[in-house]
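The structure appears right after this line, and notes come after that.
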Amino acid sequence: MNASPNYQSMYPGFQQVAYVTNDVDAAVDSLRKAYAVEKWFRVDDFSFAMASGKDVHIQVAIANLGGTQFEIIKPVGGDDAMYRDALDDKPGFQLVFHHLCKVFDEEAQLREHRDYLKGLGVPMPMDNCDSPSNGIAFALYCDFRDTLGHYLEYAWFTDAGREWAKQIPQNG
């Protein structure tokens, strides 16, 4: 049997795989078992502005494994429908794939890509390309659920954001 190739990322061109859950502890445990990701960075109340101008509040757990970052998001308030709508009303633990994220090297690349996607008429429930979320990142969520079954996120990190990201542990 041939050995698996050593890929830098599970999804070439995208650095992050994100899930939405109703229980961050159970989700971390699930990803720990599936991917052997032991160390996580957690924030219990992370907020940022949506395209509506209203803030969303989430709990988040983030971990790096090789060239892939895993993000677990639990909606906890504000304009959190983009995340909350991924979950259903059934009781019990839920963990749902939500989006892939590409991080650009340059701010201009993010803006150029946003303009391209706007030209295609892609819905954008979050567009913080003109004002960074918490001074950390300029970001854009694109709704490709009708064609791809999930969202795509595009981001560019400020210097402060790159410093903030150093808190996210590397696994493996």
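Worth knowing before you read on, the calculation uses all heavy atoms, side chains too, and leaves out hydrogens, waters and symmetry mates.
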- Message: Working to the nearest 0.5 angstrom, can you tell me the gap between I73 CD1 and L95 CG?
- Response: 11.0 Å
- Item | side chain to side chain contact (heavy atoms under 4.5 Å, CB included), paired with V103, selected from Q15, Q16, E153 | Q15
- Task: Grab the two heavy atoms, one from Y19 and one from Y35, that are nearest each other, plus how far apart they are.
- Result: OH-OH, 3.3 Å
- Message: Applying side-chain contact (heavy atoms from CB on, under 4.5 Å) to D25 and R42, what does each step give before you reach the verdict?
- Response: CA-CA 10 Å; D25 291 329; R42 295 179 66 158; 2.8 Å; yes
- Task: For L110 and A139, work out which heavy atoms get closest and say how close.
- Result: CD2-N, 4.3 Å
- Quick one: are F93 and S30 in side-chain contact, heavy atoms under 4.5 Å? yes
- Using 30° and 60° as the class limits, which term best fits the ring planes of F41 and W164: parallel, tilted or perpendicular? perpendicular
- Query: Taking side chain as C-beta onward, heavy atoms only, is M124 less than 4.5 Å from R114?
  - Reply: yes
- Would Y83 and V76 show up in the same hydrophobic cluster when neighbours are defined by side-chain heavy atoms closer than 4.5 Å? no
- Gap between atom CD of Q69 and atom CG of N64 - 0.5 Å precision: 4.5 Å
- Message: Between R32 and W40, is the side-chain contact (heavy atoms from CB on, under 4.5 Å) condition met? List the steps.
- Response: CA-CA 9 Å; R32 179 179 290 127; W40 292 82; 4.0 Å; yes
- Query: At what distance, to the nearest 0.5 angstrom, does NE2 of H98 lie from NE2 of H150?
  - Reply: 11.0 Å
- Query: CD1 of I58 to CZ of R84: how many Å apart, nearest 0.5 Å?
  - Reply: 12.0 Å
- If you take all heavy atoms of N171 and P169, which pair is closest and at what distance? ND2-O, 3.7 Å
- Please say whether more than 12 non-hydrogen atoms of neighbouring residues, nucleotides or ligands are located less than 6.0 Å from CD in E112. no
- Message: Count I, L, V, M, F, W, Y as connected when their side-chain heavy atoms are under 4.5 Å apart, and connections chain through other members. Are L152 and V17 then in the same cluster?
- Response: yes
- Exercise: identify the closest heavy-atom pair between A86 and V96: O-CG2, 3.7 Å
- Query: Which class fits the ring pair H99 and Y141: parallel under 30°, tilted 30 to 60°, perpendicular over 60°?
  - Reply: perpendicular
- Message: Between the side chains of D29 and K33, is the shortest nitrogen-to-carboxylate-oxygen separation below 4.0 Å, so that they form an ion pair?
- Response: yes
- Message: I'd like to know if the side chain of T158 reaches the main chain of I136, judged simply by a donor and an acceptor atom lying under 3.5 Å from each other, with no hydrogens or angles considered.
- Response: yes
- Query: Does any non-hydrogen side-chain atom of V56 lie less than 4.5 Å from one of M126?
  - Reply: no
- Item | Between CG on residue L120 and CZ on residue F144, distance to nearest 0.5 Å | 7.0 Å
- Message: Looking at Q170, I want to see if its CD is surrounded by more than 12 non-hydrogen atoms of other residues, nucleotides or ligands under 6.0 Å.
- Response: yes
- For T21 against Q94, the heavy-atom pair lying closest together: OG1-O, 2.6 Å
- dist D143:CG -> M82:CE (nearest 0.5 Å) comes out at 9.0 Å
- What residues form a salt bridge (charged side-chain N to carboxylate O under 4.0 Å, His left out) with D159, not counting sequence neighbours? R162
- Task: Look at atom CG of D146 and say whether more than 12 heavy atoms of other residues, nucleotides or ligands are closer to it than 6.0 Å.
- Result: no
- Is the closest side-chain heavy-atom distance between D80 and H57 below 4.5 Å? no
- Test of ring centre spacing under 6.0 Å for W156 and F138: yes
